[in-house]
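Structure first, then comments.
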There are 2 protein chains.
Amino acid sequence: MTFTKGSLILIDYTAKVKDANEVFETTVADEAKKHSIFEENAKYQPKLVSVGESWVIKGLDDALANAKAGDKLTVDVTPDKGFGDRDPGKVRMIPLRKLGEDVDKVTVGDTIEVDQKVGVVRFIGSGRVQVDFNHRFAGKTITYDVNIIKSLESDEDKISAILKRHLPVEDSKIVSKLNGKALDVTIPEEIFGAEGLRVIKHFTQIDMFKFIPSLEKINFVESYINKKAESKSPEVKETKTA
Amino acid sequence: MTFTKGSLILIDYTAKVKDANEVFETTVADEAKKHSIFEENAKYQPKLVSVGESWVIKGLDDALANAKAGDKLTVDVTPDKGFGDRDPGKVRMIPLRKLGEDVDKVTVGDTIEVDQKVGVVRFIGSGRVQVDFNHRFAGKTITYDVNIIKSLESDEDKISAILKRHLPVEDSKIVSKLNGKALDVTIPEEIFGAEGLRVIKHFTQIDMFKFIPSLEKINFVESYINKKAESKSPEVKETKTA
């Protein structure tokens, strides 16, 4: 049985530029290490995808719609369903003075921002640089090696996956409790001050109500403990053992 | 019985500059209207004071320490226990160019900010203005008419008063529930996005644990309702009545 639109699934994948055989993204720590793109602070874990809803690039999304849990796929995503064709008009000459303070540091291959657009420096001439504003993977076919781990069916699995998707903390710090049709989500203390916390809550509740329509209420809970009350117990114990 | 340090009390007061008989602050809406200082968005309600802890100006705080619930006091607060003496050195000549864009708009009596200090324009000369950086009430004796409404003894009264102190919403929107030694405080939806919300929670919990030391935990709860789930009921009803 293939997935319907809006099915929540977990996938592992590794993506590479087909021609260059260059791996640039993966959900698997070992793959990242193997291809020297491992980042210490990144979260390597299966990616949550709502099938058919553009959570991943079109060509991959299409392939997922025809797959099923347990499948291993190799999907070639061509530019028309991937990062688009290369547009020669997006390669432009920029006066060096536009680069401001960075002018002395720029070298070929650098990624720079000009007029809020990001591009790659292709050539440095007299007074000007050539910058390619095409997407890094425009015109490239991307190969995805995909492992469809599971389809999430139970409310508990969906809740857990949605919280992992949105809360920027270690999985072990994610705590929630389903009480009938109300869900309590404990906000970990380390993100009480996170700048985007309100936005995190907002998108978490949107996903929750979308994928678990029977849910009626979500309570985000930030708890403070009375540290003085806590420290009383040890003091009492000391007295007793003295 | 007079209050001990840290007693939580509610007071109404009206403050005026003694010599000028000029009322400048009050907790009572009718008084504000009577003296033409009423502000539509201000919250006129008794002020919460922890006696002897500088929640109000020294001279008033001292008077409260010797009062009791039900007392009505008139307290003259002299500059040494009030807004301080006038310092002639804080009256300074400022070059007009320092005022920047405001230079053409300034008139005598205006409050302006120069070098992060707030002062009042006393005189405008050729190329310079005289600005008085003393506190508006420096050197003045202030008369407080105080009505000590009550001393807060029960945990419920303290909780309610502390929440009113910190949450910038109408009293009717403040909801909390004490479950044994844990307090749930519902954050009203209208302040989910308030810039200072984290700071509000922080100071609320500090006050709560200070004045209700037996409290072990405070949960700040932000609830989201599934609006689609809510709207299902009316739809069903329509079908039935059709």
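Proteins come first, then strands; the chains are lettered A, B, ... in the order of their sequence lines, and each starts at number 1.
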Counting heavy-atom pairs closer than 4.5 Å to chain A, which one of B/Asp184, B/Ile218, B/Val221 comes out on top? B/Ile218
Above 12 or not: heavy atoms from other molecules or residues under 6.0 Å from [atom1] of [X]?
| X | atom1 | value |
| --- | --- | --- |
| A/Lys43 | NZ | yes |
| B/Phe38 | CZ | yes |
| B/Glu113 | CD | yes |
| B/Glu53 | CD | yes |

If you look at every heavy atom in B/Gly193 and A/Arg198, which pair is closest and at what distance? CA-NH1, 3.3 Å
Closest heavy-atom contact between A/Tyr224 and B/Phe209? O-CZ, 3.4 Å
With only heavy atoms counted, which part of A/Gln205 is less than 4.5 Å from chain B, the side chain, the backbone, both or neither? side chain
Between the CZ atom in A/Phe192 and the NZ atom in B/Lys201, the distance rounded to the nearest 0.5 Å is 7.5 Å
CD1/A/Ile187 to CD/B/Glu222 distance, rounded to the nearest 0.5 angstrom? 8.0 Å
Main chain of B/Leu215, side chain of A/Asn226: is a donor-acceptor contact present, judged purely on distance under 3.5 Å? yes
